Number of protein chains: 4
Amino acid sequence: MRPENNPGGQKVRSFIETARRAQIVASAIEVIAEQGFANASLARIAQHAGISKGVISYHFAGKDELMEEVVTQVYAEAVQHVLARIEGLESATELLRTQIIASAEHMRDHPAQVKALGEIFYNLRLPDGRPRYGIDTSEELLQSLENIYRFGQESGEFRPFDVRVMAVSHSAAVDSMFAYWTAYPEHDLEAHAHELADLFEHAARTQEAPHS
Amino acid sequence: MRPENNPGGQKVRSFIETARRAQIVASAIEVIAEQGFANASLARIAQHAGISKGVISYHFAGKDELMEEVVTQVYAEAVQHVLARIEGLESATELLRTQIIASAEHMRDHPAQVKALGEIFYNLRLPDGRPRYGIDTSEELLQSLENIYRFGQESGEFRPFDVRVMAVSHSAAVDSMFAYWTAYPEHDLEAHAHELADLFEHAARTQEAPHS
Amino acid sequence: MRPENNPGGQKVRSFIETARRAQIVASAIEVIAEQGFANASLARIAQHAGISKGVISYHFAGKDELMEEVVTQVYAEAVQHVLARIEGLESATELLRTQIIASAEHMRDHPAQVKALGEIFYNLRLPDGRPRYGIDTSEELLQSLENIYRFGQESGEFRPFDVRVMAVSHSAAVDSMFAYWTAYPEHDLEAHAHELADLFEHAARTQEAPHS
Amino acid sequence: MRPENNPGGQKVRSFIETARRAQIVASAIEVIAEQGFANASLARIAQHAGISKGVISYHFAGKDELMEEVVTQVYAEAVQHVLARIEGLESATELLRTQIIASAEHMRDHPAQVKALGEIFYNLRLPDGRPRYGIDTSEELLQSLENIYRFGQESGEFRPFDVRVMAVSHSAAVDSMFAYWTAYPEHDLEAHAHELADLFEHAARTQEAPHS
DNA sequence: GATGAATGAGGTTTCATTCAT
DNA sequence: AATGAATGAAACCTCATTCAT
């Protein structure tokens with residue numbers, strides 16, 4: 001039985017426990033990325049980590065907690081990377097371009113993590129059968145993207161359009177970049193990212209009608 | 001035991017067999033759409049259809065064949081609808097816009113089918129754990145979209161860009177339109193489709209030349 | 001998957017299913033009687049019956065349903081036996097004596113059933129941890145006994161006393177007769193029953209008035 | 001590793017060890033009383049005591065030894081209370097009445113202990129599946145009760161009857177008094193005890209037929 | 001053609017116990 | 001003396017598949 005919450009509500013985890021949890025999360029990411037969510041049984045995750053099945057049950061309340069821990073860690077890392085890269089940018093165009101390109105960088109550097117994240121998003125279900133994560137889970141991301149596009153509209157860089165549709169499409173296009181690269185590893189991810197940046201820049205920006 | 005292949009390699013299916021297979025496929029679509037791929041056991045599909053579990057095993061070699069049959073039928077129907085709607089169109093802009101809008105129509109009319117198709121695409125795996133369907137399965141669709149965009153480039157309607165990236169993004173954006181609508185059923189699907197058409201039209205078309 | 005309820009709410013069970021359920025119930029009774037509730041796993045019950053573990057899952061929704069079926073069948077049989085023996089009796093004294101003696105007969109003829117019934121009563125718990133069967137489950141039995149004692153009070157055979165305490169004690173004493181016989185099989189069950197009948201007759205009956 | 005037996009065969013326990021064992025026993029009693037024997041895992045007992053699971057294994061050879069320690073301590077305390085209350089009584093009638101009433105007092109004052117005792121009695125099994133405690137374990141208690149009833153027969157207070165049956169029934173009736181009170185806490189335990197005393201007094205005593 | 005019945009593998013989880021620190 | 005960590009067995013349950021009827 002793991003330590004209880006302390007009064008502050010934060011788990012107090014020993015060094016060993018932290019390390020084990022990280023090891024298990026890492027193993028889960030690899031197994032899910034390689035074999036898919038449906039084949040990622042606790043037995044396989046344990047075997048892949050070279051530990052006993054019971055260890056996972058000891059460190060996590062159940063499979064769901066493990067999966068949620070994977071999501072939390074992986075998602076946080078991705079957000080962190082992208083935010084660091086767009087920090088300080090001042091034009092909406094630069095923001096949207098950099099969001100796409102930084103996402104591609106992160107995918108290139110952590111493909112298994114991103115793959116696992118997607119698998120869990122699509123497959124993890126609540127006990128009642130409804131998806132644990134849905135598009136509504138991405139609300140935060142969508143609002144960030146909306147903010148970029150809305151900022152561009154207000155600054156005059158961008159034409160008028162429905163920012164929600166733009167954000168949803170932007171997000172899906174970025175995800176599809178990763179999926180395509182996963183299917184065709186020789187595909188040029190960086191070039192794809194720049195093309196995609198062009199695509200959304202053209203889609204969003206005010207059409208020039210310069211008069212002579 | 002079902003009939004063997006005849007010498008020509010084509011299954012000969014009786015009327016009853018054809019009807020049963022259709023009934024089972026329909027039931028599978030509904031169960032998958034409602035409960036998700038992971039919860040769509042043969043038992044549930046059979047129960048939903050009001051038939052015995054054995055019937056499915058009798059008419060299909062296994063669960064995988066059933067799933068593939070669902071994909072085949074549903075995919076064919078979707079393609080058929082969109083093709084009929086874009087037939088005869090002559091400008092690339094009209095083609096791309098109509099492809100998006102017709103897709104939305106099909107989603108509106110057959111949401112369960114489209115939902116099930118997505119579930120199977122994301123979840124069905126080969127025995128070795130690799131995905132049964134991948135982006136490569138969409139090659140045909142991607143080429144059709146590429147053809148539209150390339151046609152536009154050749155006709156001068158569209159600016160130069162990587163048609164593959166455009167096709168992949170286009171496809172993903174259309175899929176995300178459906179996913180978003182599924183999550184928020186009150187969302188205006190038709191409006192989304194028109195916004196999306198605008199999005200890709202702006203993304204692709206030649207920027208207006210300066211007026212002299 | 002077993003057949004669904006028909007509209008009337010009654011399960012429709014085939015002959016084979018009925019036989020299998022009876023066989024499994026019988027096996028469960030024997031295993032519980034011999035090894036105790038805690039050791040009566042589905043695996044052992046299946047093994048004892050010479051069938052596969054999955055058969056039980058096929059015929060019963062779960063272990064709980066199996067246990068409840070055991071209780072239902074065994075309890076009904078016991079009640080039926082005792083009721084048949086006391087039918088037509090007219091004095092309260094005869095009723096209480098015969099209730100005890102008939103119970104002993106049933107115990108003698110079906111010791112495993114009675115043992116299993118007790119095990120399940122004491123051990124089966126609801127998912128929330130509360131007992132599935134409690135003293136409140138015996139309410140029906142207690143009321144029957146109360147009726148006997150109250151009848152005796154009204155007819156003047158019995159002295160005044162709290163009929164509930166008498167019924168609870170009566171019921172416990174009968175159960176302890178079985179438990180004692182189980183522990184000491186050479187113990188004379190029939191003699192015990194007659195002694196117990198004397199005990200409660202003396203406990204209940206009106207004290208003879210002094211002769212003048 | 002705990003201290004070995006000394007040559008005399010008695011464990012030598014340090015103060016700390018004694019205190020820890022008592023703490024663990026107390027925790028076990030509470031957990032068993034609240035959640036039932038089946039749900040009283042070592043993990044839960046340790047958690048309830050606010051100690052590590054390993055401590056229990058350190059101080060007790062195993063779960064069985066802990067359970068036996070609970071029985072020993074609780075039983076001794078109960079016997080002690082009842083013996084103190086009947087000490088010095090001189091008539092069999094007083095003895096039997098007081099045994100019942102004193103038992104009820106103990107139940108009222110230590111319900112968790114009594115509940116836990118019952119749970120363990122009914123559920124603890126030897127490795128071979130046979131009950132660890134049975135009616136034979138109560139032999140000492142039964143003989144004490146027999147002594148009371150035999151004393152009453154010899155003094156002429158009680159009629160002739162089988163003292164073993166009377167003792168077994170008496171014991172069971174007292175236990176059922178507790179079980180009933182547990183199920184219906186608003187039930188008047190003291191009144192029940194007095195009714196029960198009346199019951200066995202009437203059951204046992206010589207029926208007067210005084211002639212004038 | 002169709003069905004109910006049965007199987008056995010594999011899933012997650014709980015648990016008593018052991019062990020190094 | 002005490003602990004956290006780890007183990008492996010066993011529990012219940014679900015499932016795809018096979019088979020006799």
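So that the names make sense, note that chain A is the first sequence line, chain B the second, and so on, each numbered from 1. The basis for the numbers below is simple: all heavy atoms, side chains too, and nothing from hydrogens, waters or symmetry mates. Computed from a predicted structure; not experimentally measured.
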Y58(A) side-chain proximity, nearest of dA1(F), dA5(F), dG4(E): dA5(F)
Rounded to the nearest angstrom, tell me the gap between atom CD1 in I24(B) and atom P in dG1(E). 13 Å
Rounded to the nearest 0.5 Å, how far apart are NE2 of H48(C) and CD of E34(C)? 5.5 Å
Nearest-nucleotide wise, let me know which of S52(C) and I51(B) is further upstream toward the 5' end of DNA chain E. I51(B)
Could you check how far CD of Q47(D) sits from C1' of dT3(F), rounded to whole Å? 16 Å
Between dA6(E), dT7(F), dT3(E), which nucleotide has the shortest distance from any of its atoms to the side chain of R20(C)? dA6(E)
Measure across A40(D) and I32(D) and return the closest heavy-atom pair with its distance rounded to 0.1 Å. CB-CG1, 3.6 Å
Output, in order, the C-alpha distance, side-chain angles, deciding distance and verdict of side-chain contact (heavy atoms from CB on, under 4.5 Å) for R132(D) and I120(D). CA-CA 9 Å; R132(D) 169 68 180 80; I120(D) 299 174; over 6 Å; no
Using distance alone, with no hydrogens and no angle criterion, decide if Q23(B) and R20(B) have a side-chain donor and acceptor under 3.5 Å apart. yes
Separation of atom CZ in R21(C) from atom P in dA5(E), rounded to whole Å: 11 Å
For Y122(A), does the OH atom have more than 12 heavy-atom neighbours from other residues, nucleotides or ligands under 6.0 Å away? no
Atom CD1 of I56(C) and atom P of dA11(F) are separated, to the nearest Å, by 12 Å
I29(D) and A116(D): which non-hydrogen atoms are nearest, and at how many Å? O-CB, 3.8 Å
With K115(A), which residues qualify under salt bridge (Lys or Arg N to Asp or Glu O under 4.0 Å), at least two apart? E119(A)
Residue H59(A), side-chain heavy atoms: nucleotide from dA5(F), dG4(F), dA2(F) that is nearest: dA5(F)
Nearest whole Å is fine: how far is dG11(E) P from I45(A) CD1? 11 Å
Nearest-nucleotide 5' precedence on DNA chain E, I16(B) against T18(C): I16(B)
Please give, in whole Å, the distance from dA1(F) C1' to Q23(D) CD? 13 Å
Separation of dT13(E) C1' from L66(A) CG (nearest whole Å): 14 Å
Between V55(D) and G50(A), just flag the one whose closest nucleotide in DNA chain F comes earlier from the 5' side. V55(D)
The contact string for nucleotides 15-20 of chain E, one letter per nucleotide 5' to 3', using protein heavy atoms under 4.0 Å with B, S and - for base, sugar-phosphate only and none, comes out as SBBB--
Which value, rounded to the nearest 0.5 Å, describes the distance between L66(C) atom CG and F60(C) atom CZ? 5.0 Å
Identify all stems in which DNA chain F takes part, counting only runs of at least 3 consecutive pairs (Watson-Crick or G-U wobble, each distance under 3.5 Å), and give each as one range with another, ordered by first number. E:2-21 with F:2-21
Whether over 12 other heavy atoms sit under 6.0 Å from Y75(D) OH: yes
In this structure, how many angstroms lie between the P atom of dC15(F) and the CD atom of Q35(B), rounded? 10 Å
